[in-house]
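Working notes for the structure below.
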There are 2 protein chains.
Amino acid sequence: MRIPHAVIEAATPGPEGAASVENQPTAATAPGARTRSQLQRRKRIVQAAAALASRGGVEAMQMRTVAERAGVALGTLYRYFPSKMDLVVAVVGEEIDLLESSIQRRPPSAPTASGRAVDVLMRATRGLMREPELADALLRSLIMTEVETPFGDRMAKLLLRVAGEGLTVELATEDQLTLANSLASVWVHELLEMLRGLRTYDQIQHRLEIVSARLLMDF
Amino acid sequence: MRIPHAVIEAATPGPEGAASVENQPTAATAPGARTRSQLQRRKRIVQAAAALASRGGVEAMQMRTVAERAGVALGTLYRYFPSKMDLVVAVVGEEIDLLESSIQRRPPSAPTASGRAVDVLMRATRGLMREPELADALLRSLIMTEVETPFGDRMAKLLLRVAGEGLTVELATEDQLTLANSLASVWVHELLEMLRGLRTYDQIQHRLEIVSARLLMDF
DNA sequence: ACAGAGATTAGACCCTGTTCTACTTTGCGG
DNA sequence: CCGCAAAGTAGAACAGGGTCTAATCTCTGT
């Protein structure tokens with residue numbers, strides 16, 4: 001798997017870069033995507049992966065199977081996604097896109113920043129719960145990876161946006177970012193507990209309310 | 001790896017139970033440990049595992065190698081620790097024990113609950129940082145597992161204890177537990193970011209101070 | 001239409017976690 | 001001391017992630 005690791009070495013931003021969640025442009029590593037069929041290939045792969053993961057979790061999402069379902073060779077799959085993790089990250093990216101557009105369609109309406117944040121988180125929770133296996137797979141893998149445009153960061157930004165109305169990442173203070181980020185990581189943690197059967201939906205909501213009320217008290 | 005998964009099924013508390021972090025008693029699964037040499041074997045295994053992981057991370061801690069270094073057969077290793085994860089959990093258990101005794105020796109002295117909590121967290125951070133590879137391995141694996149006496153929970157309890165002086169898990173309110181727990185998960189998250197090179201020690205401290213101040217404001 | 005570069009493919013291959021098998025040791029009640 | 005069940009051992013075997021190779025395809029520019 002080889003993740004940069006260690007306090008010492010900074011992320012090597014070399015020509016090859018690490019995994020990325022980016023959605024529109026070229027495939028993970030494919031240098032110059034001659035677009036068209038390549039984008040489609042990529043999409044087919046991600047779809048196949050999501051489909052497999054959505055029933056059976058990560059373990060069901062085997063690289064060979066994904067490749068087969070997507071109608072590409074294993075080698076090709078690995079050209080697009082250098083590791084299983086990268087694939088997972090891509091799948092997650094789509095999920096977040098979904099959440100973001102959902103929020104754009106129907107923005108949270110609670111009166112407090114904390115309320116809006118919890119609203120968004122719970123909405124995301126419900127979305128993920130529709131496919132517990134997938135959710136579990138994604139969350140776990142994400143925590144392990146979180147390279148480049150990580151899950152938590154995207155959620156944090158989203159939270160920031162809905163918490164302080166009109167607040168953007170650029171306008172927020174360092175500390176506000178920290179707080180939003182922390183809320184996101186608490187959420188991820190709670191979600192994992194839920195998937196493990198240690199929390200109910202209602203418990204998560206309650207816990208998030210408590211934590212959010214404090215973290216975002218003055219947003 | 002087979003982790004219970006899914007919102008539906010509750011953890012099966014059957015006769016075989018899941019992985020456990022417990023330190024003194026019998027080996028992970030070995031039914032009736034005839035103690036003596038068995039405890040020693042177990043210790044040798046955990047030590048070998050820790051040694052390997054401490055330089056090279058999880059990947060260096062290969063089951064075959066651990067078995068060899070510990071002087072036991074692969075099969076035996078698997079009898080004691082049904083999966084690599086279980087081994088990791090055991091190694092972590094030792095680390096936490098260390099932290100706990102360190103805290104007993106020299107309790108945090110900050111005047112505020114939040115201050116004491118941060119103190120403990122940073123002390124744990126320094127401890128883990130001594131062996132970044134090990135820390136990374138442990139944290140990642142733990143997040144993935146956290147079965148039975150999880151890392152986060154132990155930290156949460158510890159935090160609770162130092163935050164409210166003399167406060168114990170039994171005396172704490174649900175919400176206080178939630179908050180301590182959340183602080184622990186934020187810490188874990190920050191630690192992972194640090195290991196990934198995205199945070200410096202000072203940043204972590206600052207961020208924890210901010211978050212802790214809010215989460216534990218009235219402890 | 002044609003050559004060369006890059007993309008794709010099928011499939012062998014390696015590595016490591018985990019399982020399984022056949023056999024030997026060990027510890028203990030009778 | 002015997003017998004036996006549990007525990008241990010060596011090592012083969014399996015599974016799935018990831019790599020590599022030798023073709024074959026597909027563009028793209030000329």
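Naming: A, B, ... by sequence-line order, numbering from 1 per chain.
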Q) Quick one: CG on B/Leu179 to CD on B/Glu174, what's the gap to the nearest 0.5 Å? A)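 Atom-to-atom, B/Leu179:CG and B/Glu174:CD are 11.0 Å apart.
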Nearest to side-chain heavy atoms of [X], which nucleotide of [options]:
{"X": "B/Gln38", "options": "C/dT8, D/dG8, D/dA13", "result": "D/dG8"}
{"X": "A/Tyr78", "options": "D/dT19, C/dG17, D/dA7", "result": "D/dT19"}
{"X": "B/Val72", "options": "D/dG8, C/dT9, D/dT9", "result": "D/dT9"}
{"X": "B/Arg79", "options": "D/dA7, D/dA10, D/dG16", "result": "D/dA7"}
{"X": "A/Leu74", "options": "C/dT19, D/dT19, C/dT8", "result": "D/dT19"}
{"X": "A/Arg64", "options": "D/dA13, C/dC13, D/dG8", "result": "C/dC13"}

Find the distance [X]:[atom1] to [N]:[atom2] and express it as a whole number of Å.
{"X": "A/Gln40", "N": "C/dA7", "atom1": "CD", "atom2": "P", "result": "18 Å"}
{"X": "A/Glu68", "N": "D/dG17", "atom1": "CD", "atom2": "P", "result": "13 Å"}
{"X": "A/Met63", "N": "C/dA12", "atom1": "CE", "atom2": "P", "result": "20 Å"}
{"X": "B/Arg42", "N": "D/dA7", "atom1": "CZ", "atom2": "C1'", "result": "16 Å"}
{"X": "A/Met85", "N": "D/dG18", "atom1": "CE", "atom2": "C1'", "result": "13 Å"}
{"X": "B/Arg41", "N": "C/dT25", "atom1": "CZ", "atom2": "P", "result": "14 Å"}
{"X": "A/Lys84", "N": "C/dT16", "atom1": "NZ", "atom2": "P", "result": "18 Å"}
{"X": "A/Leu77", "N": "C/dA10", "atom1": "CG", "atom2": "C1'", "result": "14 Å"}

(Q) With a 4.0 Å cutoff (strictly under), does any side-chain N or O of B/Tyr80 reach OP1 or OP2 of D/dG8? (A)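 Indeed, a polar side-chain atom of B/Tyr80 lies that close.
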**Q.** Contact under 4.0 Å: A/Thr76 side-chain N or O vs C/dT9 OP1/OP2
**A.**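 True: A/Thr76 side-chain N/O within range (under 4.0 Å) of C/dT9 OP1/OP2.
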Q. Would B/Arg123 and B/Ser102 count as having a side-chain donor-acceptor pair, cut-off 3.5 Å?
A. yes
Q: Would you check if there is a donor-acceptor pair between the side chains of B/Asp175 and B/Thr178 at a distance under 3.5 Å?
A: no
(Q) Can you confirm whether B/Val72 sits close enough to B/Arg79 that some side-chain heavy atom of one is under 4.5 Å from a side-chain heavy atom of the other? (A) no
**Q.** Test side-chain hydrogen bond (donor to acceptor under 3.5 Å, both in side chains) applied to B/Trp187 and B/Ser212, step by step
**A.** CA-CA 10 Å; B/Trp187 173 65; B/Ser212 174; over 6 Å; no
